Amino acid sequence: MKDETRKTGLVTVIVLAAILLLFFLFSLVMVILSPGKKSEDLVRSSSLQEKTREEGSVSFTEYRDAEGNPAFAADLGYAVKKTTTEKENVTLAEFFDAEGNPSKQGEGHYAYRREHLVEENADRYTYLDLEHQPMTLKSGYARRVVYYNDLGKPDSVRYYDLQDQPVVTAYYGFTQYWEYDSLGQATVIRYTDPEGKPMITRSGYATAHRTFYPEGRDAGRVDREFYYDEEKRPMALANGAYGVHLEYDAFGRIEWIVYLDQSGEPFITTDGYSAIRRTYYADDTVRTEMYYGTDGKQVALLEGQYGILKENGNVVYLDADGEPVFNLRMFLYNSQLTVMAAAVIAALLSLSFGRRINLILLGLYFLAIAYMTLFLRSGGESRIEWEIFWAYKQFFRDPVLRKEILDNIWLFVPLGTILYRLWPRKLTLLMPVVLSAVIEAVQYFRGTGLAEFDDLFSNSLGGVLGFSLGYVVYSICRRLSNKK
């Protein structure tokens, strides 16, 4: 009986050790293989030569550099767009890079099929993966149907999943409607659920009312936008603003965002500033944001930053002159290898010392987690995500979500090892769950982050992995000691 128990214990140790090793190697591979985005080297389509050509039922739109070589248009996401007429009212659009390889678009697809529905005066778009199979985009839908009014302008858009069932997207609801003025400008945008009822999306409102620049370089572009709830009452965004005033750069990108109160005047939002000034990379993604008060002067936020730089998927704090400054929390967020290394070192320290040192480590751990997840974050709207594993479903498609998931797991690994050293009982595994639930609840009630099940699961998984690491290490140590 004792021999069978020993064998069972040994198998458990081996299995857990294999799982831990595989998780470590998997995390390492994910970090190494995550592509770095060299945004400074990108080129806009307006700086390239555009050429079109026809080959029977196939048309090509190509971009070339000054030497006539194929060139990637960063703002469009491709060097070549190939459009094939498959049959009447059905076309297939495919995207390629400068080397002729399929080019992934921002939402994760490589192609789409467009079907014109004559009787409904609508177009149905189905988004396709690398094998031209229907896929779900980052925004949460696989198909969308665009309906047009008598003037040929979009009247509404509806979103569907892979089974052609209505899907409520985070930012567009199920149906997105437009209303136009006599000049053909979309003065009202509203969102509804599958029952046609107005709904507040993750953008923070149910309806937006717009006014436009009447003349000049920005004629026809949105000047001001104000927000309303399901009952058509004025509604504040998470930062307290009831509307925004927008100004544009030479490429038509939003350069200034000025936040407005209910009376339409600039004011200081809950984030600590009244206006943001942006610069962009060639692919139209934001490069920098600088913060300003109602008097037009620069302002510093909670951690002393006057702005941020978004670079290769990371966020760097800037001083008043736009120069990078060091910030410990952002350094840890930006460097996934550092998070992994810190978690491993903390776990090894825990396993190397006794109860007194681990009690100290537990206190330091709580302070570190509070610093990383709760402190120095401005409050806003309480947000919660009820969908289970919504982030995990996009693990391999979205590098940002992938990084967040792995960080959330690794951040709780040291807690698991510390708890094992202090209270090596299975019931102790509830503590990572409770701590994560407390963090999510605080974030929700303070409006300092998105409360979601996925974070709770990731944190709890990290705690279990850390606890298992402690069990494996000490089981091995006991067995070696018994042999002596």
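We count residues from 1, following the sequence as given. These numbers were taken from a predicted model, which means no experiment stands behind them.
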Q: For V58, enumerate each residue passing the side-chain contact (heavy atoms from CB on, under 4.5 Å) test, keeping only those at least two apart in sequence or located in another chain.
A: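 Only F60, K82, T84 meet the side-chain contact (heavy atoms from CB on, under 4.5 Å) criterion with V58.
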Q. Does A342 have any side-chain contact (heavy atoms from CB on, under 4.5 Å) partners at least two apart in sequence or in another chain, and if so, which?
A. none
Q | Residue list, side-chain hydrogen bond (donor to acceptor under 3.5 Å, both in side chains) with E289, at least two apart or on another chain | A |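 Here the qualifying residues are R278.
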Please list all pairs passing the salt bridge (charged side-chain N to carboxylate O under 4.0 Å, His left out) test where one or both residues lie in [range], with sequence neighbours left out.
range	result
residues 251-262	D249-R253, R253-D284, E255-R277
residues 171-196	E179-R190
residues 204-213	R210-E225

Please tell me whether [X] and [Y] form a close aromatic pair, meaning their ring centres lie under 6.0 Å apart.
X	Y	value
Y392	F457	yes
Y227	Y242	no
Y306	Y317	no

Q) side chain to side chain contact (heavy atoms under 4.5 Å, CB included) with T279: which of L309, V286, T288? A) T288
Q. Does the side chain of F389 reach to within under 4.5 Å of the side chain of F453, using non-hydrogen atoms?
A.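 F389 reaches F453 side chain to side chain.
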Q.
For T211 and D223: C-alpha separation, side-chain torsions, deciding distance, then whether side chain to side chain donor-acceptor pair (under 3.5 Å) applies.
A. CA-CA 6 Å; T211 59; D223 177 5; 4.5 Å; no
